[in-house]
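Before any comments, here is the structure.
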Amino acid sequence: MKKVPGNSSILFLARKYLSGRSRIGVSKSHILTLCGIALGVMALITVSSVMNGFRSDIRERIISTLSEMRLSAIDAGSISNYREIVSKINSQGYQASPVVRSELLLRGRNQSTPALVFGIDPTTHVQISPVLNKRTDNDAVHGIIAGSIENPDFAERGIALGSGLAAELGLYIGDQVQLISPVFNIPSPFGLLPKIQVVEVMAIFAAGMPEYDQSYAFVPLKIAQSFAGYQDAVDLIEIRSQNPEKSKQHVKSLQGMFSGYKIEDWSSYDASLYGAIRFEKFLMFIILMFMFIIASFNLTGSLLKLISFKKNELGLLKALGYKDKDLRRLFLVQAMMLCTLGIIIGLILSGVLLYIQDRNQIVKLDETIVLPVQIQLSDYILVIAVSYLLTWISILLPLKRLNKINAVELIRRAT
């Protein structure tokens, strides 16, 4: 009666076939495949981490200027009971601040430009938008670079300008600027005129986003309300949590409390930009996966070649009691051992590269922007799963060849 081979013998033969006569544990015929797997894993992890870094950096810039979340009326109308809503949100451990959003024309000394003006309560909004806090680090990408909104006069007649907007209008701290409404609704002997109010530049901020620096400004809430025609109402309530990483979970939680309002997170503020980042990550993942597919093709060729060279040995193994499923397990174990080794090397290489970039900031996009990286466990799980899946697919053809080995015929030829 034939003895059924055990797992130890299959594992032993798999290691022997993988190493061959090489002293490094991997035969020369498998070195190229190993390098392809390692480089593929390294590239996938590195690129995914860089795209995560870009996403995190963009998120930080957006929520530092605007907010992490915002609450608005479903019909895009005004919110009159905003004090009650703000108090209820704050009681849940969040920070909330009312906002009136207006598109106004700003006129400086000799030039005018449109701007998106946010009416805020300076005492509460500094907790929502860090861009309104004094920038203490010269390397920081956002913060007030001149002046301050803590001046008591800001609540009466102040304005904070984006750095690009201030440069375009040629304004600095202490200069006066006119706020001009685009709506002509004030009657006069000369017809309808727009509402105009003079304010003083009391702060200039850098948002780290050129489009924000060139078009955003902050004014006291009551000034924005007067331009919007509100007695005591606001357009939005901007919200910030302690953990921006879980914005979507916070939105779901708050939506259950305020079912009559619309609550959205930062990713919807600039949906096209956020969508482009997500699509680019997906596209780069697919493109770089072709590197792994090429390594898989090489693995298929190597196993087919090995089966052809070892045909007599495999026939002898079948004669000794190995079944077709045992031989399939033999080559499956060999392929998975090679894949595992490649994955380990790729993870080590990518980890070293990402660590060096994170600590030493070697790669810079310009003088102020460093290539960001952020490691996520989900990327590691996805890359490892895809690696094993492609390896398994690549050995299907060699495994089918094993069924064609006839032990009796091979032994007859040998004799």
Side-chain angles (χ1 to χ4, degrees), residues 61-62 64-67 97 99-123 125-126 128-135 138 140-188 190-230 234-236 238 269-270 368:
R61 292 169 189 257
I62 290 176
S64 294
T65 304
L66 300 175
S67 63
S97 180
V99 174
V100 175
R101 178 172 172 165
S102 303
E103 294 183 7
L104 303 177
L105 185 68
L106 271 61
R107 181 169 180 81
R109 296 170 181 173
N110 299 309
Q111 192 171 357
S112 301
T113 186
L116 190 57
V117 180
F118 298 91
I120 62 169
D121 179 356
T123 59
H125 208 78
V126 291
I128 306 298
S129 299
V131 75
L132 296 177
N133 294 312
K134 191 74 174 180
R135 188 172 70 173
N138 292 330
V141 297
H142 55 260
I144 291 180
I145 57 179
S148 173
I149 65 170
E150 296 178 0
N151 188 330
D153 293 334
F154 181 87
E156 299 295 328
R157 53 184 175 82
I159 185 172
L161 298 175
S163 56
L165 187 59
E168 183 177 354
L169 294 173
L171 299 173
Y172 199 64
I173 303 299
D175 293 340
Q176 292 186 334
V177 57
Q178 290 182 334
L179 300 178
I180 306 173
S181 171
V183 180
F184 288 68
N185 57 359
I186 299 179
S188 73
F190 304 99
L192 294 176
L193 296 177
K195 179 179 178 59
I196 301 176
Q197 183 164 346
V198 177
V199 292
E200 181 181 337
V201 179
M202 294 187 179
I204 297 175
F205 63 86
M209 297 276 282
E211 58 270 31
Y212 293 172
D213 288 333
Q214 295 171 2
S215 59
Y216 283 10
F218 294 92
V219 299
L221 186 62
K222 66 178 184 178
I223 293 179
Q225 286 175 329
S226 68
F227 275 93
Y230 297 156
V234 298
D235 294 322
L236 309 165
E238 298 195 338
Y269 300 169
D270 196 339
T368 59

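Computed from a predicted model, the values in this text were never measured in an experiment.
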(request) Measure the shortest side-chain to side-chain distance between Asp235 and Tyr230 over non-hydrogen atoms and say whether it is less than 4.5 angstrom. (result) yes

(request) Please tell me if the side chains of Arg157 and Gln197 come closer than 4.5 Å, counting only heavy atoms from C-beta onward. (result) no

(message) Is the shortest side-chain heavy-atom distance between Ile180 and Arg107 below 4.5 Å?
(response) yes

(request) Could you tell me the separation between the CD1 atom of Ile149 and the OG1 atom of Thr123, rounded to the nearest 0.5 Å? (result) 9.0 Å

(request) Supply the atom-to-atom distance Ile144 CD1 to Glu150 CD, rounded to the nearest 0.5 angstrom. (result) 7.5 Å

(message) For Gly208, is there any backbone N or O sitting under 3.5 Å from a side-chain donor or acceptor partner on Arg61?
(response) yes

(message) One pair to check against side-chain contact (heavy atoms from CB on, under 4.5 Å): Leu165 and Gln214. What are the steps and the verdict?
(response) CA-CA 4 Å; Leu165 187 59; Gln214 295 171 2; 5.7 Å; no

(message) Testing the basics here: between Ser102 and Ala228, what is the closest heavy-atom pair and its distance to 0.1 Å?
(response) OG-CB, 4.5 Å

(request) Look at atom CD of Glu103 and say whether more than 12 heavy atoms of other residues, nucleotides or ligands are closer to it than 6.0 Å. (result) no

(request) Anything under 30° is parallel, anything over 60° is perpendicular, the rest tilted; go ahead and classify His125 against Phe218. (result) tilted

(request) Identify the residue among Val201, Val117, Asp175 that makes a side chain to side chain contact (heavy atoms under 4.5 Å, CB included) with Leu161. (result) Val201

(request) Run through Leu171, Ile173, Asp213 and flag the one making a side chain to side chain contact (heavy atoms under 4.5 Å, CB included) with Ile204. (result) Ile173

(request) Could you walk me through whether Leu66 and Tyr216 pass the side-chain contact (heavy atoms from CB on, under 4.5 Å) test, one step at a time? (result) CA-CA 10 Å; Leu66 300 175; Tyr216 283 10; 3.5 Å; yes

(request) Nearest 0.5 Å please: distance from the CD atom of Glu238 over to the CD1 atom of Ile128. (result) 7.5 Å

(message) Any heavy-atom pair between the side chains of Ser148 and Lys134 that's under 4.5 Å?
(response) no

(request) Please tell me if the side chains of Leu106 and Ile159 come closer than 4.5 Å, counting only heavy atoms from C-beta onward. (result) yes

(message) Donor-acceptor pair, distance only, cut-off 3.5 Å: does the side chain of Ser129 make one with the backbone of Val131?
(response) no

(message) Side chains of Ile62 and Tyr212, heavy atoms from C-beta outward: is any pair under 4.5 Å?
(response) yes

(request) Would you name the heavy atoms of Pro220 and Gly158 that are closest together and state the gap between them? (result) CD-O, 3.0 Å

(request) Could you grab the distance from atom CZ of Phe205 to atom CG of Leu132, nearest 0.5 Å is fine? (result) 7.0 Å

(request) Please round to the nearest 0.5 Å and tell me the distance separating atom CG of Leu221 and atom OG of Ser97. (result) 8.0 Å

(request) Hey, could you give me the OG/CG distance between Ser112 and Leu169, rounded to the nearest 0.5 Å? (result) 7.5 Å

